[in-house]
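Written below as structure tokens is the structure these notes are about.
These numbers come from the heavy atoms of this one structure, side chains and all, not from hydrogens, waters or symmetry mates. Predicted model only: the values in this text are computed from it and were never measured.
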Amino acid sequence: MDVRSKLKQAEKIVIKVGTSSLTYSNGKLNLERIERLARVLSDLNNQDKKIVLVSSGAIGVGVERLGLNRTEVTLPEKQASASVGQAILMKIYQKFFEEYNTPVSQILLTKDVMDGGIRKENAQNTFNTLLDMGVIPIVNENDTISTFEIEFGDNDTLSATVASLVGADLLILLTDIDGLFTADPRKDKNAEIISVVEEINEEIDSAADGAGSKLGTGGMVTKISAAKICCSYGIDTVIANGEDPKIIYDILDAKEIGTLFLSGK
């Protein structure tokens, strides 16, 4: 049996889009791509799929709106940019999803929500209630107050945390590269894409070495880390190119797209 065939049965799906998938190289929002993303996710929502969107981009959008130099932004300026950028992002998401009659909500998380106790329970209850009501939660790190995550964190890890929190069947990481390669395809013309990863070992870790786009905080290493988290919870992960959001249809149709990390469960 084709190992990808089970992706057709995925019902609860977390989809993470990186900054590079939402913006142009100058830092401004790619509105046409965001509109297509809203259309695809709304269509999946209409199929009774339970969709959670983890969206990067708030800091980058805020930096651009405030006219700051992206290479010289201080931590307080990043926090201020996150505040401005998140408001802009949500306004745009609200507009595009409203065109397809799809309700969305905003959830801002900090890492300690997974420490257990009442905070984790409240977060789970909120997610489950929204999903049962047909709402698409749009999630981001609470960068305005969570300085540790701004300095050292990434939304790949956040998306894996959300996937485990909601008990997802699948995590899809949309980025600016086609998947995990045997080497960095931007540097090595002989690099080949790895279609399926059954076990994340040292060889896979070494293949992931390298930086992400200049606008985002996460590279392939953080995506492998996210896949590890999901594997431990029995959640499959796919890394794919987010240039065209319609690629989500191909992934869920079990086509050989991107890199699939099997959870083994």
Atom [atom1] of [X]: over 12 foreign heavy atoms under 6.0 Å:
X	atom1	value
R39	CZ	no
E198	CD	no
N101	CG	no

Grab the two heavy atoms, one from [X] and one from [Y], that are nearest each other, plus how far apart they are.
X	Y	result
S105	P137	OG-CA, 3.4 Å
A254	K8	CB-CE, 3.7 Å
S263	K6	OG-NZ, 4.2 Å
S81	L66	OG-CD1, 3.8 Å

State which residues pass side chain to side chain donor-acceptor pair (under 3.5 Å) with [X]; sequence neighbours excluded, sorted by chain then number.
X	result
E99	none
N69	T71
N30	Y24

Please tell me if the side chains of [X] and [Y] come closer than 4.5 Å, counting only heavy atoms from C-beta onward.
X	Y	value
N128	K12	yes
L130	I107	yes
S55	L89	yes

Pairs involving residues 52-63, ordered by first then second residue, that meet salt bridge (charged side-chain N to carboxylate O under 4.0 Å, His left out) (sequence neighbours left out):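 Of all non-adjacent pairs touching residues 52-63, none passes salt bridge (charged side-chain N to carboxylate O under 4.0 Å, His left out).
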Of all pairs that satisfy salt bridge (charged side-chain N to carboxylate O under 4.0 Å, His left out), the ones with a partner from residues 118-140, not counting sequence neighbours: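 Sorted result for residues 118-140: K50-D132, D112-R119.
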Please tabulate, for side-chain N and O atoms in residues 242-250, each donor-acceptor pair with protein atoms closer than 3.5 Å (sequence neighbours left out).
{"unit_1": "D244", "atom_1": "OD1", "unit_2": "R36", "atom_2": "NH1", "d": "3.1"}
{"unit_1": "D244", "atom_1": "OD1", "unit_2": "K246", "atom_2": "N", "d": "3.0"}
{"unit_1": "Y249", "atom_1": "OH", "unit_2": "D43", "atom_2": "OD2", "d": "2.7"}
{"unit_1": "D250", "atom_1": "OD1", "unit_2": "K255", "atom_2": "NZ", "d": "3.3"}

Donor-acceptor contact present, side-chain [X] to main-chain [Y], <3.5 Å:
X	Y	result
D178	A240	no
D236	L170	no
K223	L173	no
T259	S195	no

Separation of D176 CG from T19 OG1 (nearest 0.5 Å):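 The OG1 atom of T19 sits 10.0 Å away from the CG atom of D176.
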For [X], side chain to side chain contact (heavy atoms under 4.5 Å, CB included) partners two or more places apart:
X	value
T74	P76, E77
S42	F97, Y100, T102
Q94	V104
A160	L171, A226, I229, C230

Residue pairs fulfilling side-chain hydrogen bond (donor to acceptor under 3.5 Å, both in side chains) with at least one residue in residues 157-169, sequence neighbours excluded: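 Passing the test, one end in residues 157-169: D154-T157.
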Contact list for residues 56-65, test side-chain hydrogen bond (donor to acceptor under 3.5 Å, both in side chains), sequence neighbours left out: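 Residue pairs with at least one partner in residues 56-65: S56-N155.
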Side chains of T182 and E192, donor plus acceptor under 3.5 Å: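 Checked: T182/E192 side chains show no N/O donor-acceptor pair below 3.5 Å.
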